[in-house]
Amino acid sequence: MSGMTAAAPFGPLEFQLVLLRRMADHQPVLVEDARRELGVSVADMREANRRWQAMVRGRGSRGALSRYRSVLGAPERTVPRRVGDLDCDAYLWPVPLWPDLRFEVLAVRAGGAVWNEWLVRAPGAAGPALHTARDLVPWSCTVDEAARAFAPAVPKEGSAPTRLQLSLTLPDGQGCTAEFCWGLLQRTL
């Protein structure tokens, strides 16, 4: 992919680079390893992010769900979900870099407005055993998994739109804050 041009299609590989670009703020070593595994340069990652931002913010840009379909193709699975009093659909796409995860886009059925976009555990894939703070290893779990394992969890706003923090209650009664990017654990504070 090195030397990627603006005319090259923007697909799943480039989308993974977008996810990694934001995660690099917290886990530069893991991102560097993943970038090498994907066989791309730092410049390729920057270019993919630049192109993604242009798609998101550009004049005449597509709606979020339409954009994901054009970049990632048809979803692997669509699951109806009720959230509060809203009927939604969860669209799931595979993410080759993380085979046990899926990128989930949650859209309200009436009108198709997207209100959540993040990584979740793939249906049928075993999640991590989360029992102590030591189990909260970067890239080991998703928001939902941490929230279930260390309830009660209280969501807090993150430092960017793709980030979220959870205040967790550990088994010893102590609390900690877990920070997630695109739904994947990055660090504890």
Is it true that L101 and F180 fall in one hydrophobic cluster, defined by side-chain heavy atoms closer than 4.5 Å?
-> no
Is L130 linked to L168 within one hydrophobic cluster, defined over Ile, Leu, Val, Met, Phe, Trp and Tyr using a side-chain heavy-atom separation of less than 4.5 Å?
-> yes
Any chance you could lay out the side-chain contact (heavy atoms from CB on, under 4.5 Å) test for R36 and D33, step after step, and finish with the verdict?
-> CA-CA 5 Å; R36 271 197 232 105; D33 291 345; 3.4 Å; yes
Side-chain heavy-atom pair L136, C141 within 4.5 angstrom cut-off | yes
Quick one: salt bridge (charged side-chain N to carboxylate O under 4.0 Å, His left out) partners of R81, sequence neighbours excluded?
-> E104
For N116, the option from V83, V105, L106 that meets side chain to side chain contact (heavy atoms under 4.5 Å, CB included) | L106
R102 (side chain) donor-acceptor with V120 (main chain) under 3.5 angstrom | no
Name each donor-acceptor pair under 3.5 Å that joins a side chain in residues 15-23 to protein atoms two or more places apart or in another chain, with its distance.
from, atom 1, to, atom 2, distance (Å)
Q16, OE1, L97, N, 2.7
R22, NE, T162, OG1, 3.4

Can you tell me if Q186 uses its side chain to pair, donor with acceptor, with the backbone of L184 under 3.5 Å?
-> yes
Give the C-alpha distance, both sets of side-chain angles, the deciding distance and a yes or no for side-chain contact (heavy atoms from CB on, under 4.5 Å) between L13 and V40.
-> CA-CA 10 Å; L13 173 62; V40 298; 4.3 Å; yes
Evaluate the side-chain contact (heavy atoms from CB on, under 4.5 Å) criterion for residues W118 and D144: first the C-alpha distance (whole Å), next the side-chain angles of each, then the deciding distance (0.1 Å), finally the verdict.
-> CA-CA 11 Å; W118 63 5; D144 287 346; 4.0 Å; yes
All pairs passing side chain to side chain donor-acceptor pair (under 3.5 Å) where residues 123-136 contributes a residue, at least two apart = none
Check whether NZ of the Lys or CZ of the Arg R67 lies under 6.0 Å from the centre of the six-membered ring of W52 and within 45 degrees of that ring's axis.
-> yes
So CE of M55 and OG of S70: to nearest 0.5 Å the spacing works out to 6.5 Å
What are the two closest heavy atoms between A151 and T169, and how far apart are they?
-> O-CB, 3.9 Å
With sequence neighbours left out, write down each residue that passes salt bridge (charged side-chain N to carboxylate O under 4.0 Å, His left out) with D25, or none if nothing qualifies.
-> R163
Taking all non-hydrogen atoms of both residues, which atom of Q27 and which atom of R187 are closest, and how far apart?
-> NE2-CB, 4.4 Å
Go through the steps for C176 and F150 under the test side-chain contact (heavy atoms from CB on, under 4.5 Å), then give the verdict.
-> CA-CA 10 Å; C176 81; F150 301 107; over 6 Å; no
Are L72 and P12 side-chain neighbours, meaning at least one heavy-atom pair lies under 4.5 Å?
-> yes
Can you find a heavy atom in the side chain of W115 that is under 4.5 Å from one in the side chain of C88?
-> yes
List the steps, then state whether salt bridge (Lys or Arg N to Asp or Glu O under 4.0 Å) holds for R51 with E14.
-> CA-CA 9 Å; R51 290 177 63 199; E14 292 77 12; 5.4 Å; no
The reported gap from CG in L185 to OG1 in T142 (rounded to nearest 0.5 angstrom) is 9.5 Å
Do the side chains of Y68 and W98 join up, straight or via other hydrophobic residues, at under 4.5 Å, putting them in one cluster?
-> yes
Consider only side-chain heavy atoms of I, L, V, M, F, W and Y, link residues closer than 4.5 Å, and tell whether L38 and L30 are in one cluster.
-> yes
Looking at residues at least two apart in the chain, or sitting in another chain, which of them share a salt bridge (charged side-chain N to carboxylate O under 4.0 Å, His left out) with R148?
-> none
4.5 Å side-chain heavy-atom contact, R69 and W93 = yes
Please tell me if the side chains of T177 and E179 come closer than 4.5 Å, counting only heavy atoms from C-beta onward.
-> no
Sequence neighbours left out, cut at 3.5 Å: what donor-acceptor pairs do the side chains of residues 122-129 make with other protein atoms?
none

Any link between F10 and V56 through a network of hydrophobic side chains (Ile, Leu, Val, Met, Phe, Trp, Tyr) touching at under 4.5 Å?
-> yes
